[in-house]
Amino acid sequence: KLDSDQLIIDAGQKQFGATNCSSCGMVYSADIPEDNFQHTQFHQRFLDSIKYVGWKKERVVAEFWDGKIILVLPDDPKYAVKKAEDVRRIADNELGFQQVTLGRPTQAKTFLFINTDRLVVGCLVAEPIRQAYRVLEQPDRNKDMTKDDFMERHRAWCCSTVPEQALCGISRIWVFSLARRQGIATRMLDTVRSTFMYGSYLTKQEIAFSDPTPDGKLFATKYCNT
Ligand code: ACO
Ligand code: ZN
């Protein structure tokens, strides 16, 4: 069970040295008052961003025993667009993306996974594209380097120079840290494939991930091979 009460209790635990909050992801020193204060503020903003109160009109595109997926489009009511932006900002922050602007904001489709405790635990932004560059396997020289010392910091994925046809670009995919490895990203992508273009189910080749992180690449590799 994962609800907002539990997340608030997590934040109140006293610890010494550097703490990595398992909910909001912030690293801070619990014994430094200023750090504590900053964390409390960030944590609260994080919670507010992922809290979902429910809307009169929501576009449910998939339902599961542990939650549902709603779709938010750029022309939706302000409160819906704002929620999508808030969650996207959380994701961007974790992905280390600097700017919050989308490639083609008017065409972006945001899919949000809402759990049964009314928290947005997943966010996927899909945009129509025409072509993409396939991410190639890592060159051998990177083999001995750990995730930490190379991939994390440089994100040096080698991309093919040959563009391939694609229809749907995944510009962001993010799952709340405490809700990972429960198939949420998989289900969001399956839903994108069935709803992105009216009347057709996109193949795995027709979707492309932009600038994947190490986590994103592991997930994408698994997803595309199954
Ligand atoms: N390490 C190894 N394999 C993984 C990982 C991982 N960190 N994450 C997913 N996989 C593989 C596994 O095989 C997994 O199946 P299993 O759990 O049965 O072994 C399979 O992918 C399916 O995983 P899901 O449960 O569907 O993925 P999840 O809901 O955990 O979300 C995601 C994956 C989105 C990458 C999540 O880890 C995350 O949000 N990470 C931080 C943000 C990030 O890096 N996002 C990707 C950026 S790239 C982009 O946005 C284009
Ligand atoms: Zn926190």
Side-chain angles (χ1 to χ4, degrees), residues 2 4-15 18-30 35-51 62 64 66-67 69 87-97 100 102-103 108 110-115 119-127 129 132-135 146-148 151-153 155 157 159 166 168-193 204 207-226:
L2 184 64
S4 37
D5 290 347
Q6 184 193 336
L7 302 186
I8 289 162
I9 292 162
D10 274 353
Q13 280 167 358
K14 283 237 181 307
Q15 284 179 49
T19 304
N20 188 347
C21 177
S22 58
S23 305
C24 72
M26 183 170 168
V27 179
Y28 67 102
S29 286
D35 256 35
N36 247 329
F37 176 73
Q38 294 219 326
H39 170 245
T40 307
Q41 287 217 313
F42 181 82
H43 195 94
Q44 193 52 50
R45 254 201 328 262
F46 181 95
L47 288 187
D48 289 344
S49 298
I50 67 168
K51 231 172 244 169
F64 307 97
D66 58 345
I69 297 175
V87 178
R88 211 179 61 222
R89 204 168 287 125
I90 294 270
D92 281 356
N93 185 57
E94 196 170 331
L95 293 172
F97 286 178
V100 193
L102 293 167
T110 305
F111 294 80
L112 301 176
F113 191 108
I114 319 285
N115 76 2
L119 294 177
V120 183
V121 292
C123 172
L124 184 157
V125 180
E127 294 169 277
I129 54 171
Y133 299 88
R134 194 163 293 277
V135 176
T146 67
K147 196 175 154 179
D148 233 33
M151 297 179 191
E152 286 284 24
R153 269 181 279 137
R155 259 203 230 165
W157 306 117
C159 287
C168 171
I170 308 300
S171 70
R172 288 165 187 71
I173 181 164
W174 168 87
V175 172
F176 180 39
S177 58
L178 301 177
R180 287 182 195 161
R181 307 302 288 269
Q182 295 169 23
I184 289 175
T186 300
R187 285 179 280 167
M188 286 198 295
L189 261 182
D190 288 344
T191 305
V192 168
R193 288 168 62 200
K204 287 174 182 176
I207 52 176
F209 294 82
S210 67
D211 189 21
T213 57
D215 270 357
K217 198 181 181 231
L218 286 166
F219 166 75
T221 307
K222 176 74 197 302
Y223 185 85
C224 293
N225 291 335
T226 48

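Order of appearance sets the numbers: ligands from 1, and atoms from 1 within every ligand. Computed from a predicted model, the values in this text were never measured in an experiment.
- Remark: ligand 1 atoms within the under-4.0 Å shell around heavy atoms of Leu95 are 42 (C), 43 (C), 44 (O), 45 (N), 47 (C).
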**Message:** Does Trp174 form a side chain to side chain contact (heavy atoms under 4.5 Å, CB included) with Val87? I'd like the steps, not just the answer.
**Reply:** CA-CA 9 Å; Trp174 168 87; Val87 178; 4.1 Å; yes
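- Residue contacts with ligand 1: Ser177 is excluded, as none of its non-hydrogen atoms falls under 4.0 Å.
- Of the polar atoms of Gly183, at least one N or O is found under 3.5 Å from an N or O of ligand 1, judged by distance alone.
- Under 4.0 angstrom from ligand 1, the non-hydrogen atoms of Ile170 all belong to its backbone.
- For atom 29 (O) of ligand 1, the nearest non-hydrogen atom from the set Ala185, Pro214, Gly216 comes from Ala185.
- An N or O contact shorter than 3.5 Å is missing between Trp174 and ligand 1 by distance.
- Within the 4.0 Å heavy-atom criterion, the part of Lys222 lying near ligand 1 is the side chain and not the backbone.
- In this structure, Arg187 satisfies the cation-pi test against Phe64, with its NZ or CZ atom closer than 6.0 Å to the six-membered ring centre and inside 45 degrees of the ring normal.
- Summarising the contacts of atom 24 (P) of ligand 1 with Asn225, Leu218, Thr186, the nearest heavy atom is found in Thr186.
- Atom CD in Gln182 sits 7.0 Å away from atom CG in Asp66 (nearest 0.5 Å).
- Contact annotation for Ala91 and ligand 1: no heavy atom of the residue comes within less than 4.0 Å of the ligand.
- Going from atom CG of Asn93 over to atom OG of Ser49 covers 10.0 Å, rounded to the nearest 0.5 Å.
- Between Ile173 and ligand 1, at least one N/O pair is under 3.5 Å apart.
- Ring orientation note: the planes of His39 and His43 are nearly perpendicular, at an angle over 60° on the 30°/60° scale.
- With a heavy-atom cut-off of 4.0 Å, Lys217 does not touch ligand 1 at all.
- In terms of polar-atom proximity, defined here as any N/O pair under 3.5 Å, Thr213 does make such a contact with ligand 1.
- In this structure, the side chain of Asn20 does not engage the main chain of Val27 through any donor-acceptor pair within 3.5 Å.
- For Cys21 atom SG and His39 atom NE2, the angle they make at the Zn ion (ligand 2) is roughly 100°, to 10 degrees.
- The distance from atom CE of Met26 to atom CD of Gln41, rounded to the nearest 0.5 Å, is 9.5 Å.
- Once rounded to the nearest 0.5 Å, the distance linking CD1 of Ile170 with OH of Tyr223 reads 8.5 Å.
- For the pair Glu94 and ligand 1, the shortest N or O to N or O distance does not fall below 3.5 Å.
- For the atom pair CD1 (Ile90) and CG (Leu47), the distance works out to 8.5 Å, reported to the nearest 0.5 Å.
- Remark: ligand 1 atoms within the under-4.0 Å shell around heavy atoms of Ile184 are 26 (O), 29 (O).
- Residue Arg172 approaches ligand 1 through these ligand atoms, each under 4.0 Å from one of its heavy atoms: 50 (O).
- Across every non-hydrogen atom of Thr110 and Cys123, the tightest pair is CG2-SG, 4.1 Å.
- In terms of distance to the Zn ion (ligand 2), the nearest N, O or S atom of His43 is named ND1.
- Residue Val175 places at least one N or O, backbone or side chain, under 3.5 Å from an N or O of ligand 1.
- The closest side-chain heavy-atom distance from Thr40 to Gln44 is not below 4.5 Å.
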